[in-house]
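Notes follow the structure.
Labels below follow one simple rule: chain letters A, B, ... track the order of the sequence lines, proteins then strands, and each chain is numbered from 1.
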Protein chains: 2
Amino acid sequence: MNTPFSIIIADDHSMFLDGLTSILAEEPSINIVLTAKTGTQVLKYLRINTEEKIDLVITDINMPEMDGVELNAAIKEEFPKIKTLVVSMLEDAKKIKTLTEANANGYISKNAEKTELLKAIKSILDGQNYFSPRIKQVLMEAMFSEKSEPEIALSKRETEVLKLIAQEFTTQEIADQLFLSKHTIESYRKNLISKLGVRNLAGLTRYAVEKGMLD
Amino acid sequence: MNTPFSIIIADDHSMFLDGLTSILAEEPSINIVLTAKTGTQVLKYLRINTEEKIDLVITDINMPEMDGVELNAAIKEEFPKIKTLVVSMLEDAKKIKTLTEANANGYISKNAEKTELLKAIKSILDGQNYFSPRIKQVLMEAMFSEKSEPEIALSKRETEVLKLIAQEFTTQEIADQLFLSKHTIESYRKNLISKLGVRNLAGLTRYAVEKGMLD
DNA sequence: TAATTTATCACGGTTTTCCGTGAAAACAAA
DNA sequence: TTTGTTTTCACGGAAAACCGTGATAAATTA
């Protein structure tokens, strides 16, 4: 029998962390060296224990302080030999794309079965990447839908003005706040309306709220 | 030693379900008789296996088909002897309140530690309800904040008009659609603005979007 | 360097919203 | 049955938003 693989698990939900640990503790070939609730904890550990050979880091995406996307990037930057497997609640195409670009070795959903989790871990430890069929599909769909919805790019100022508009400030008030002419703000308003393809203030506000630009 | 307690676990995320099962499988006093991904599965099982004595159902809130809130209500209705423990990602005051009103026996967050989970289970099987300090706090805050924010009640027509306003229709257009005078719609607009405590169309739109009145 | 985008400003005219101040009829609740 | 709420309608004036049609300078990008 070979020496077991050393892995680290990061997830901010204790119960999920404990659950995952329980599942993997049953595997004789796996040795859990650390469980953490934030990405920073993981990084700190890796930086201190540089002599210890870690094979795999399993991480959630949504975590406080440093999320899974950032953690993955940091690991690939500082410790390129360590493999990463992202386990997430959401099937967010953009995040998955970012992760693939940052060379994450795998991505599975929390909807995935235990057997799929083990399969993913085995594949990755074996040197292969693992992205579940479901995830591949989401990625593909994102590729195509991306073209149909061409991602409207707003400049810094436009974003700033839009936020204020959606916060119920009038053109004059925004002009005063930003020390600009009210004509300028009117221009932005017009551009935003045509850029975003909406009809009026209501449309602008909806856009801002739905894109999570407020708060 | 007494006979072990029989419990059912419901959660739509396989991995969490497996994790929880792993954790509880280590407990000799606990016997997991079923794991399910929807509330309907649980109910179906209970209705068929009426002779089997089930002590506790552990359920997530967010599930397809029948969520945890509905499942809890149904269990308390049909099988009042069965205890329920809700385990959820979110600390949503309203849902917690609904659950307490529907006599759920416990509520803990997925952020809770394994020890707290076990404590909650033991308490409930012992005949006591368990709501974590964190949850109690959220509930209290909700009670108070509820008074400061007195739940604005909109009439049917007001809701209808607000939706259309937020969908970028002008007063005249709305009047035409509803076969009403434009003065009427203007009245609604004014009332909505003062009722909701906002300043203008942007505020109305934000309210509508944030309350999920569209789509 | 040339071309493009971004940020800024201007004006007149039209439409829409906003505000105050009503009021009448229908309906529900106390 | 009186009181309150909802739904409906009206007018005039002020304020703001919307539309078209510009322009200049700075910053970025190709």
[atom1] of [X] versus [atom2] of [N]: gap in Å, rounded?
X	N	atom1	atom2	result
B:Leu180	C:dA25	CG	C1'	15 Å
A:Asn191	D:dG20	CG	P	13 Å
A:His183	D:dA16	NE2	P	14 Å
A:Ile185	C:dA7	CD1	C1'	10 Å
B:Leu201	C:dT16	CG	P	13 Å
B:Lys182	C:dC19	NZ	C1'	15 Å
B:Asn200	C:dC18	CG	P	6 Å
B:Ile174	D:dT8	CD1	P	13 Å

Hey, which sits more toward the 5' end of DNA chain D by its nearest nucleotide, A:Phe169 or B:Lys156? B:Lys156
Pair B:Ser6, B:Lys53: side-chain N/O donor-acceptor within cut-off below 3.5 Å: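 Side chains of B:Ser6 and B:Lys53: no pair found under 3.5 Å.
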For A:Tyr188 and B:Ala202, take the nucleotide of DNA chain C holding the closest heavy atom to each; which residue's nucleotide lies nearer the 5' end? A:Tyr188
Under a 4.0 Å N-O cut-off, is there an ion pair linking B:Lys163 with B:Glu160?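 No.
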Residue-phosphate contact under 4.0 Å: [X] side-chain N/O, [N] OP1/OP2:
X	N	value
B:Ser187	D:dA10	no
B:Thr184	D:dT7	no
B:Ser155	D:dT5	no
A:Arg157	C:dT8	yes
B:Arg189	C:dT17	yes
A:Ser181	C:dT8	no

Is it true that a side-chain atom of B:Asn105 and a backbone atom of B:Thr84 form a donor plus acceptor pair closer than 3.5 Å? yes
Please check this pair: side chain of B:Ser88 against backbone of B:Ser109, looking for a donor-acceptor N/O pair closer than 3.5 Å.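 Between the backbone of B:Ser109 and the side chain of B:Ser88 there is no qualifying donor-acceptor contact (under 3.5 Å).
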So what does B:Glu186 touch, heavy atoms closer than 4.0 Å: a base, only the sugar-phosphate, or nothing? base
Base, sugar-phosphate or nothing for B:Lys190? Non-hydrogen atoms, less than 4.0 Å. base
Passing candidate, side chain to side chain contact (heavy atoms under 4.5 Å, CB included) with B:Ile58, options B:Asp11, B:Val87, B:Ile108: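 Of all the options given, the one that passes is B:Val87.
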